[in-house]
There are 2 protein chains.
Amino acid sequence: MAATIKDIAKLAGVSPGTVSRVLANKVGFFSEYTGEKVRAAAAELGYQKNTAAAELVTQRSNVVAAIVNSTKTNFASPIIEGIQAEAHRHDLNVIILYAGDDDSEQQRRALTTVIERPVRSILLLSVDLAAENLALLQNSRIPFCFLSISFDEIQVPYITSDDWQVGYQATQTLLKLGHQNIGLAGVDSDFHTGRQRVAGYRQAMREAGITIQPEWIQLGNYSYDAGQMAMQAYGADSGLTAIIGGSDMAAVGVLNAARNLGYRVPTDLSILAIDGTEICELVQPALSSISQNFYEMGVAGVQQLCAPGELPQKITPIKLVERDSLQRNS
Amino acid sequence: MAATIKDIAKLAGVSPGTVSRVLANKVGFFSEYTGEKVRAAAAELGYQKNTAAAELVTQRSNVVAAIVNSTKTNFASPIIEGIQAEAHRHDLNVIILYAGDDDSEQQRRALTTVIERPVRSILLLSVDLAAENLALLQNSRIPFCFLSISFDEIQVPYITSDDWQVGYQATQTLLKLGHQNIGLAGVDSDFHTGRQRVAGYRQAMREAGITIQPEWIQLGNYSYDAGQMAMQAYGADSGLTAIIGGSDMAAVGVLNAARNLGYRVPTDLSILAIDGTEICELVQPALSSISQNFYEMGVAGVQQLCAPGELPQKITPIKLVERDSLQRNS
DNA sequence: AGAGGCATTGCAAACGTTTGTGTAAAGTGC
DNA sequence: GCACTTTACACAAACGTTTGCAATGCCTCT
């Protein structure tokens, strides 16, 4: 149906090889005259290159795939923007696949769609791969790198923030404001990221000489609901003066549930979010946050895959962004 | 490097053709015995199919591409979920491409990446294609369908809500609550969608016998900033008792700016959002909305592309979702 | 004039599949 | 035991490119 280089070759009266060289603009391999003739023929036929065929013979591709864990985590967007920007610089194209939340079957589908095709490399945004899927990925021999997620048990390349520091600095921030009874809401201690954040929180509290009450740590899956449930578990007279939300969404959940319980934020209760995505600015009061540099993570991910041999695990910096949800505890 | 069917063929002592048939599970074309032998060999070699090669010869593909306009519009997620779910049902794989906001160069890049590859069809989520890019798309002969965007000048397939009705019903909702001075904030009248919403608004006001003051309509690009700027333009004593946000984001912008101007929502000012994404539930007060069924749009998009010959323009239903941002005007 | 070099182009193999056609062996019915 | 069908497989072409190699013609130098 669609025009091929053979059609162009016939129309321009040259061989397919020559057409290929002209279209790839391999200077020095064709005369000005035939170059024009071929380009004219291509334009006339509305030629569209079949990249799949080209990739088949060249055995390389300029597509990088980003697999994201779900549409729910809103921090995916700055990462993707970072990936796009850096990929553009390296003349790469980006395709994105959704892998669902905890659905190992959907993960497998996303993974095989990219593995079965010539992609140059794979970036996994915060996707916690089931063991068999990780095996699939490693087996494929395609370079990959995890983003915004880290591991302790297994040895894989990843780029993320230092989650221990995230927990530690969040807690420190509140301690410095004079808070003592500090809750941690909505983190998932089943995985490395959450465990590290809890550990950082514990260490900061320990250094301050504060004994953590067990109910101060409310685990969850970083979601809005998790934040709400955590706050409900704390209740109307929790004794807490500050709460760290395990993610922005969790913090918003805490915020709204706290308001329903009669708390005023930040007067009665300070809330500190972790992530620092745009949602922090949308709610009232705007949530102060320990912010991760997601854009930078995306950039670093592409760079890492373009410069193999680099160290496979990298930490991006975090910083406190003050907005309106924190107050000194008097 | 990677194993091919030829390697399997050699190992299993059969021809590549037979391997292909076994792996494609073409029952009746091979004996139980060779089937086992081939599968064992494939497993041993860690074989991964090269789908690109297969697609080259079969001239068809099971990939559908979704091109989304930017990472900013948060309604993309339910549409994508709808696409994924329905695509799964048809045994299709989905890849997603970002096309930037108003960057025709980035649009072109996204478009060519999919056109140059064997994709079965293309869904464009709310992307307003530059003329030359539309030509590119149409020229490619790949079936496509626009989602959540409509056109009047050009004849292309699209699935969206009835934007005139959106504007009309939003206005009606507020009129029924006794409001008369109603603002419309952040819609973009440069394109069909925005024009229609404005037209619906005008018609409802006309029917109610209300003369619209020019400053009541504050145009913008549906963003949070657009909402904020609109509200700032209205000012602290606008005389308005209700405002329609052109999108959820715009409505949140209106909400926060209104609060800064001293308005209490909904006591002093009712706000009605258009779209009804999750952000409406996250802010306080939760925003009532004219909600679109984005998930359904995604589903319908895939169905439309799987059943060609169907009518190419479809309207998905809208509905009012009441939350906490509306109050009767007394 | 012969040798060598260069510019331009054609030829053909290769990439990893799918699938139509050919064919030998085995099975079936009389 | 013959003709016929079925089963199970091999063979080879094809998909649309890229690219190494060969071939041609022309130019330049000695």
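A, B, ... follow the sequence lines: proteins, then strands. Residue 1 opens every chain. Note that the structure is a prediction, hence the values are computed from the model and not measured.
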### Task
Just call it for A:Lys49: base, sugar-phosphate, or nothing, with non-hydrogen atoms closer than 4.0 Å on any strand.
sugar-phosphate

### Message
Under 4.0 Å, heavy atoms only, any strand: does A:Ser20 hit a base, just the sugar-phosphate, or nothing?
### Response
base

### Message
If the condition is salt bridge (charged side-chain N to carboxylate O under 4.0 Å, His left out), which residues does A:Glu32 pass it with, not counting sequence neighbours?
### Response
none

#### Entry: Pairing residues for A:Arg39 by the salt bridge (charged side-chain N to carboxylate O under 4.0 Å, His left out) criterion, not counting sequence neighbours
A:Glu36

Kindly write out the residues that satisfy side-chain hydrogen bond (donor to acceptor under 3.5 Å, both in side chains) with [X], not counting sequence neighbours, or none if the list is empty.
{"X": "B:Thr51", "answer": "A:Glu116"}
{"X": "B:Ser121", "answer": "none"}
{"X": "B:Arg108", "answer": "B:Glu105"}
{"X": "B:Asn221", "answer": "B:Ser223"}

### Message
Can you measure B:Leu56 atom CG to C:dA14 atom P for me and round it to whole angstrom units?
### Response
17 Å

### Query
For the atom pair CZ (A:Phe146) and CD1 (A:Ile154), what is the distance rounded to the nearest 0.5 Å?
6.0 Å

#### Entry: For A:Tyr158, ring-ring contact (aromatic ring centres under 6.0 Å, His included) partners two or more places apart
none

### Query
Taking only residues at least two apart or on different chains, which pairs with a member in residues 45-58 of chain A satisfy salt bridge (Lys or Arg N to Asp or Glu O under 4.0 Å)?
A:Glu55-B:Arg117

### Task
Measure from the side-chain heavy atoms of B:Ala53 and tell me the nearest of C:dG10, C:dG16, D:dT17.
C:dG16

### Task
Return the nearest nucleotide to the side chain of A:Arg60; candidates are D:dT19, C:dT17, D:dT17.
D:dT19

### Query
What does the inter-axis angle of the helix from C:dA1-D:dT30 to C:dC30-D:dG1 come out as, five pairs per end, nearest 10 degrees?
40°

### Task
Establish, with yes or no, whether the OP1 or OP2 oxygen of C:dT9 is under 4.0 angstrom from a side-chain nitrogen or oxygen of A:Ser15.
no

### Phosphate OP1/OP2 of C:dG16: any A:Gln59 side-chain N/O under 4.0 Å
yes

### Message
Are the side chains of A:Phe144 and A:Leu305 in contact, using a 4.5 Å heavy-atom criterion?
### Response
no

### Message
List the residues meeting side chain to side chain contact (heavy atoms under 4.5 Å, CB included) with A:Ser31, not counting sequence neighbours, and say none if there are none.
### Response
A:Tyr33, A:Thr34

### Message
Using a 4.0 Å cut-off on heavy atoms, which residues in residues 108-117 of chain A reach DNA chain D? List them by number, or say none.
### Response
none

### Task
Give me the residues of residues 21-44 of chain B where at least one heavy atom lies under 4.0 Å from an atom of DNA chain C, by number, or none.
B:Arg21, B:Lys26

### Message
Both B:Val14 and B:Thr58 contact DNA chain D. Taking the nearest nucleotide for each, which residue is further toward the 5' end?
### Response
B:Val14

